[in-house]
Amino acid sequence: MVTMTSLTLNNAGFSYGDTSIFKNITLEVHPGSTLCILGPNGSGKTTLMDALLGIHRLTHGSIYINGKDIRHLSPGQIARVLAFVPQNHAKHFSFSVRDVLLMGRSAYTHTFGSPGPKDLRIVDATLAQFNLSHLAHRDYTRLSGGETQLVMIIRALVQDTPIIVMDEPTAHLDFKHEITVLETIVRLIRNQGKTLIMATHFPNHAFFLENQGLDIEVGFLHREQLHMEGSPSDALTWENLRRYYGVDTCIMEYNTQKTGKIKQIFPISTTKEA
Amino acid sequence: MMQYVHFKRYAKSVAIRLLFTALFFIPKAYCEPFHVTDSAGRRVLLENAPERIACLYAFTGHVVTMLGRGGDMVAIVNGLKKDVLLNRIQPEIRNTPVPARGGVIHIEALLKTRPDIVFLKPDTATIASEIKKLEQFNLPYFIAGYRSMAQQMTIIEQIGKAVGKTNKAKAYTQYYRNVISRVKQVTDHIGQKERIRIYHSSNEPTRTDAPGTLEADWTKAAGVINVSVESRLQARGGKYFADIEQIILWNPDVIIVNEDGVDHEILTDQKWAPIKAVNQKKVFPIPVGISRWGHPGGLETPLAILWTAQKVYPQRFEHIDLKAEIRNFYHRFFNLDLTDDMIDKILANQNMRRDP
Amino acid sequence: MRLTRFYIILVTIPALLAGISIFFGRYPLTIENVFNVLFGLVLNHNVDPTHLGIVVHIRLPRIILGAMVGASLSVSGAAFQGMFRNPLVSSGMLGVSSGAGFGAALALILFDHFFWVYPFSFGFGLIAVLLCFIIGRFTSANQSITLVLGGVIVGSVFSALISFLKYVADPMDELPAIVFWLMGSLSRADYTHILVAGIPMIAGTIGLIAVKWKLNVLAMGDREAQSLGLNVKAYRLFVIICATLATAGAVCVSGVIGWIGLVVPHMGRMLTGNDNRRLIPACISIGACFLIIVDDISRLLTSSEMPLGILTSILGGPFFIYLLKKTKGRQW
């Protein structure tokens, strides 16, 4: 149901003035795959997201969407391929949830236009799909953090793109809402066939997705480089976590009847360099 | 012998007395401290006749110049520098310091000019901090405020006394009073109903005269009814603006403007069209000489009265040769001999004020 | 259906107010007099020229201009608030008002003829915004905040320059004119003004109506708006140009009428919510009504002209408090 859209990074690099944030990233994101970019805070994950979204221009190399350099695409063209779920949405004005979701249709409206009845139908249908129709007329500034994040994800769905980019989608959420959001993400990948690029600083999130039986690739953003390490089971090893996070951990496996084998990382201590 | 000694003693005492008289009495007659009374009713004590005069109010600069002491002005305000005629009389005012702006005194700049007396406008005198500046340095100051012609004449006479030109000041006020009575003799015979109703625009079309001002007083002396004076106006920073519908309601017979171009604006603006004066094209710019005639800070008020009276009652004032009056006035009080061309310019309200 | 009713209300109320205002003024015209003039115009029969002059050349242009100025200031205020995501921003943002004020004061000092006030105030209003843009370009990140900051800086510099001009102005001639202009008035309104200043006001307002929904998206923040597919820089430039045109057009004919550009958008928010699709039209309507009412009061209160800036604050303040109490600030 989703057209085959490829996203390619070729020797991508970005620097603010003299400060290099990342460099030499070459990567192909396959349609329908899920990429988890891990890295501690400040490792440049957000900047990399912004480069993918065309908000920041790369200082080196290029990004191609379906073979087209992102530099030659308008924000509208990019927004029809890549949707974005922000880490921390700042609410300035009280809009209704429906009005916020309608904004997902921006890329499909005229320069001087507003969304029409068709856009409204898409919004209502998407809300219904997630059993959230009761939120439609709620003031979105009064939503809880978890509800807001769900609204942001639904807005990305309303945007109707093959690829969704998420920047720390579960930051600042409480325990239950974190899981709710992760479950919603699983649904997107499984049922809608979306390509997902998700930045997070919680390595356990990658395990959570893998535990749900999804095909995940993990990359660590470390010292300006993106290290692709394969599936969570291959990537999230004691050595890698020590190398990229500076944390000593142990990986636990547990078999439940319902889900089969699940994995989790248990932190032990920060690495004490000899 | 005794007699001789007596005589000698007598002669000696006379000589000493004479000497003392010569030393003290004669100079005393010249520099006796004297008082003048300003508009606030203060008695200002002057030890000597002032030699260096600071005029921080344009009006007083005109008075001092008229009284022949313009050359002794050591400090003035910007308004004075713009007057074409004043510049002709006292070309050196171009370089005279301006130690006060917007009613605020720059005390160091003022002290540098070493004035013997400071003439102030009443607005400045109401600000305690400004007065304090002057009192700290014992600068004698004189407040020159007035709200009627009578008060204005008193102030001019007092300024005359202060700068040692009492007679010249009196000559001016005498002429002033004379004009008022000459006009009154004629206008007294005009019944209230026959009187012309005028609207006096001040700088801007809708800015006009309020009751209890010099303008209210002199227009009355000209034998006309000043429409805005009868009405309560809202003051804004001492200026009065009228609503255009109110002016239509007043429906004046004649409109007098004192700003070049405003007459044209009023005549062409559709909003003013319903007014009788506009309909009959009776919108006249008042002459501008040393200052705008009839402006509260000007000295040509007697001429403004004459001009207005003749303008609105031409038949009744046929006997007055206005040009001769003008020539005479400026010659007598400002020592200016005007050419016919200049008189025409004054009458036409043209080019008499320069830009800074 | 509900939307149609909404628009009917938005058009009807200011139209009614304008109609009623024709009957207000110092000059005692009876209702009959006014109707005589109005029907006389249509049926082309003779009417009292004084009555005609008052209705057609004094009251009507003033009401029309008042409505246009009120609408322009309000709609630009609402657009700026939305775009800069700051409820304290008003139409005078980016130094438009102070720039225009400076231009007017300069023209009043330099030229004898009042005519020059219009091009000068308009021109300097635009120059002020241009300067804000140049300041905004100093940093690449977070242009909105730098722009607001630039507006504060440029605004205060121009305010200082106005003070300087007032200081050097001739206290007898120029100063009263400058002070009067700065306090805002519609007393010079005529059809030429409506025509000349109406072009930027209407153009700016139409521009803002055209992008009203995009303002919603811009309110999400630059980063999100762009990821949603908006060319943020282009829209921001367009909104600033439109709001500046509308404000500068209003300011150059009416002087600085404060408070409207800040408070009317908030009244709108309380009445219609923050969705700019409704808020922008509502602000046009409320702004027009507000200034028509304020000017009516100004004309009726005294035989002289009361500066509108004073009245807008005196009337706007309590009304604002009332709305705040009634809605408990729900709509922010």
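First the proteins, then the strands, lettered A, B, ... as listed; each starts at 1.
Proximity of Ile240(C) to Arg236(C): side-chain heavy atoms (C-beta onward) are separated by under 4.5 Å at one or more points.
Across Val211(C), Asn231(C), Ile209(C), Asn216(C), the residue that shares the most heavy-atom pairs under 4.5 angstrom with chain A is Asn216(C). Ranked by heavy-atom pairs under 4.5 Å with chain A, the list Ser227(C), Gly82(C), Ala219(C), Gly207(C) is led by Ser227(C). The candidate with the highest count of non-hydrogen atom pairs below 4.5 Å against chain C, out of Val100(A), Val165(A), Thr111(A), Leu102(A), is Thr111(A). Ranked by heavy-atom pairs under 4.5 Å with chain C, the list Ser106(A), Ala90(A), Ser74(A), Gly76(A) is led by Ser106(A).
Looking at Ser96(A), neither its backbone nor its side chain comes within 4.5 Å of chain C, counting heavy atoms on both sides. There is no contact between Arg80(A) and chain C, counting heavy-atom distances below 4.5 Å. With a 4.5 Å cut-off on non-hydrogen atoms, Ile78(A) does not touch chain C at all. His89(A) touches chain C through backbone and side chain together, each having a heavy atom under 4.5 Å away. Contacts between Leu82(A) and chain C at a heavy-atom distance below 4.5 Å involve the backbone alone (N, CA, C, O).
A donor-acceptor pair under 3.5 Å is absent between the side-chain atoms of Ser72(C) and the main chain of Thr247(C), judged by distance alone.
The aromatic rings of Tyr16(A) and Phe14(A) stand perpendicular to each other, their planes meeting at an angle above 60°, with 30° marking the opposite boundary.
Looking at Arg223(C) and Asp167(A), a side-chain N of the basic residue comes within less than 4.0 Å of a carboxylate O on the acidic one, giving a salt bridge. A salt bridge is defined here as a Lys NZ or Arg NE, NH1 or NH2 lying under 4.0 Å from an Asp or Glu carboxylate O, and Asp124(A) with Arg98(A) meets this definition.
With respect to Lys91(A), the side chain to side chain donor-acceptor pair (under 3.5 Å) criterion is satisfied by exactly one of Asp139(A), Thr148(A), Thr141(A): Thr148(A).
Of all the heavy atoms in Asp222(C) and Val232(C), the pair that sits closest is O-CG2, 3.5 Å.
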